[in-house]
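Remember, predicted model here, so these are calculated numbers, not experimental data. Numbered from 1 within each chain, the chains take letters A, B, ... in sequence-line order. No hydrogens, no waters, no symmetry mates; every other heavy atom, side chains included, goes into these values.
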Amino acid sequence: MGDLSELQYLSVYDNNLNGAIPFQLSSLRKVRYLDLGGNFLETPDWSKFSSMPSLTHLGLYLNELTLEFPSFILTCRNLTYLDLSLNKLSGLIPERLFTNLGKLEYLNLTENQFQGKLSPNVSKLSNLIDLRLATNKFSGPIPGDIGSMSNLQLVELFNNSFTGQIPSSLGQLKNLQHLDLRMNALNYTIPPELGLCTNLSYLALAVNQLSGGLPLSLSNLSKLNDLGLSDNFLSGEISANLIGNWTELESLQIQNNSFMGNIPPEIGLLTKLQYLFLYRNNFSGPIPSEIEKLTSLENLDLSGNQLSGTIPPTLWNLTNLLSLQLFSNNLSGTIPPEIGSMASLVAFDVNTNQLHGELPENISRLVKLNKFSVFTNNFSGSIPGDFGKFSPSLINVSFSNNSFSGELPHELCSGFALEELTVNGNNFTGSLPACLRNCSNLNRVRFDGNQFTGNITKAFGVHPRLDFIRLSGNQFVGEISPDWGECRNLSNLQLDRNRISGGIPAELGNLTRLGVLSLDSNELTGKIPTDLGKLVKLFNLNLSNNHLTGEIPKSISNLTELAYLDLSNNKLTGDVPQELGRFDKLLSLNLSHNDLSGEIPSNLGNLFVLQYMLDLSSNSLSGTIPQELGKLTSLEILNLSRNQLSGRIPASLSSMISLRSVDFSDNELT
Amino acid sequence: MAICRSGLFHLLVTLVLSNTIATSNANVEGDALFALRRAVKDPQGVLQSWDPTLVDPCTWFHVTCDADNRVTRLDLGNGKLSGNLVPELGKLERLQYLELYMNNLAGQIPKELGQLKSLVSLDLYHNNLTGPIPPSLSRLSNLKFLDVSNNDLCGTIPTAGSFSKFSEESFMNNPRLEGPELMGFVRYDVGDCK
């Protein structure tokens, strides 16, 4: 390669070249343009490289270069373009870069591991147009000397550890178009001098520790396309005068700050806006109706503020909207039929407001809808019967905590794409949509607290991603299908307070991620399967208020995470297993109202964190009260009543200093 | 063919700077508990289910709510949690049981716990808590059970209000704890207690 002495232009980018860069390349005395980018080249011994005085363009980006800044580059004094980005170079930037390469116009060191401070001598690169140092480990302040680099058009310092103030000298950069200082630790206020950079089209200061208000001088930045100030500690109001001239703005993102006051109606002047994110601030007052003028708007997120009043009727004219997030505000009023004109709508979330009325039929027309969430409002009436029928992409639907009634739309899950369906806390009736069985992506399901009837035996199928399901507090009938045992991701299964019958399938023992199993208050029969002992992560097991028979399986002793165990109000027989004494996390134990016999195991005294309850009442327990129970110093409620216990109440029980309620009545104690 | 990442960086960064959709709602108690989650290290994933995007924290594991979906119990004993308690815990107005015993929690007991007017049981024993026992806790008129033993607390033990009924077992094994505060006398210099 090194013998091609007349070569002026060599470009081998985007290949599979590997190995160390051969030093012979540097003997190509006439090469002006060298692009080795996009390969797998490794660091050579740079000391073998001779100087390349003709070189003006050097690209070594996207390779496997490691170790320090290549020293031979510092001798290439005619370089105008240097790109070392996307490598694994580390160490400090040598000062000689700034003193030797005075002709540099483009410097790109993005995405390496360079560290240390950015030297004030950077200003010696007086011809620099593009300065790209993003995604490294630079620290210390941004040197004010940058302000003298009057040719700068683009400065990218994002994703480093720069500290201190944004230098006010940046205001001297009349040619600056693109300034990205995101993801650093910059603090103090935004300098008003930035308002002098009137050619700025892109200004990104997000994810820093900036405070104070927005200087009014920023209103002079009439060429701004993109303004990103999110995730800082900025405060104050957004005044009409500030934003009125930003008529080229396409993206305004100021979320996660402490801005307050009203959203100015002049927001309507920003007719090119595609993204408007004001979420998680302290904005108050109404959503201005002028918002209808933002005809290009695709993403509107005003959530997490204190906005009040009704949603302006004009807002529904924004027919290009993809995402409308208004949740967590104080909005009132209704959702009108005009929502149907938002044909492109993908995400709609108005949860946690004071909206009321019925959902309009037209929501069924939103064919692109992924997410529809109206929870925690005062909505009423039925869900429109066709909702979901024409929206096969529905992934996330929530109606929870309203006053909805009637049945769930039969084709709610027609696309079988549902991942989250939560309708708890309403007055829904009837049965579940048949399509639920085939929604193999289901992750979280809540139907609790309604008046569903209908048979659950086959309402669900095998849902490998299902994590949480709660059907509690309805009138579901049918049986617990063994298919639940195939939902291997389940951590929470709650079917309590229904009319479910049949047995507890042993297949539930396959749910090794299960933390909560509530089957209480149903009509379950048969025995507690031994396989439930395989549920080693279970911390809450409630099978109470059923018709379960047989003994408490010994395998239950494997459930070492148990904190709450309630088997009360069944027809269980046999002993209280002494293995229960091993549960060193048990907080509450209720075996009352069964037909248990035998003695109270003395090692129940080892349940040393037992706190809320020990209830063995209404059984046929005999023998004496073990004095070891005196070790339960955190226990508040002890109920051994209605048994056949004999002997004396042990004196040791006086050490149960937390006891608030004790019942030994209806025994044969002396 | 080298992986075609090269194109991305030679484009100007696209319009959308950080389009993460907002992810939490205004549930005060959920936010308070989530502040705790962020302040602790949780190697066993005890708090893994604590998802702040949910309607309230009542389905979070180890959180118990009443019929109004207000948090009444927090059962995080023996959870291998480290890190600090947070003042936001004081917002849980209906909390009755705050069970954080047998963890590796450090830092101080937030004085804001004195706002937990429904608190019945406060168990912080067996941690690495430092600093004083906030006197505000003695205003908790429902407090029946207190155990801060086995920590590194300092200063004096409040004796007013609900604290009058707690015995020394509630405070033992805090080597720097000085003893009951003396009422009506010149206060001890507790300058060392931070």
**OP:** Could you tell me whether the side chain of B:E99 reaches within less than 4.5 Å of the side chain of A:L587, counting heavy atoms only?
**Re:** no
Original post:
Is it the backbone or the side chain of B:T59 that comes under 4.5 Å from a heavy atom of chain A, or both, or neither?
Top reply: both
Subject >> Nearest atoms (heavy-atom pairs only) where B:T53 meets A:F375 >> reply: O-CZ, 4.4 Å
Subject >> Contacts with chain A made by residues 85-98 of chain B (heavy-atom distance under 4.5 Å), listed by residue number >> reply: B:Y97
Subject >> A:Q611 versus chain B, the contacting section by heavy-atom distance below 4.5 Å >> reply: side chain
Original post:
Given that the side chain runs from C-beta out, which part of A:D349 has a heavy atom under 4.5 Å from chain B: side chain, backbone, both or neither?
Top reply: neither
Subject >> Pairs touching residues 130-156 of chain B that satisfy salt bridge (Lys or Arg N to Asp or Glu O under 4.0 Å), sequence neighbours left out >> reply: B:D152-B:R176
Subject >> Which portion of B:F61 sits near chain A, non-hydrogen atoms under 4.5 angstrom >> reply: both
**OP:** Select, from B:E169, B:R73, B:M102, B:H62, the one with the greatest count of heavy-atom pairs under 4.5 Å involving chain A.
**Re:** B:R73
Subject >> Selection from A:N492, A:D584, A:N424 maximising heavy-atom pairs under 4.5 Å formed with chain B >> reply: A:N492
**OP:** Report yes if the side chains of A:F539 and B:D75 come closer than 4.5 Å at any heavy-atom pair, otherwise no.
**Re:** no
**OP:** Would you mind checking which part of A:S658 comes under 4.5 Å of any heavy atom in chain B, side chain (CB onward), backbone (N, CA, C, O), both or neither?
**Re:** both
**OP:** Validate the cation-pi geometry between A:R660 and B:F145: distance from NZ or CZ to the six-membered ring centre under 6.0 Å, angle to the ring axis within 45°.
**Re:** no
Subject >> All salt bridge (Lys or Arg N to Asp or Glu O under 4.0 Å) counterparts of A:E420, not counting sequence neighbours >> reply: none
Subject >> Contact class of A:S373 relative to chain B, heavy atoms under 4.5 angstrom >> reply: neither
**OP:** Not counting sequence neighbours, which residues clear salt bridge (Lys or Arg N to Asp or Glu O under 4.0 Å) with A:R513? List them please.
**Re:** none
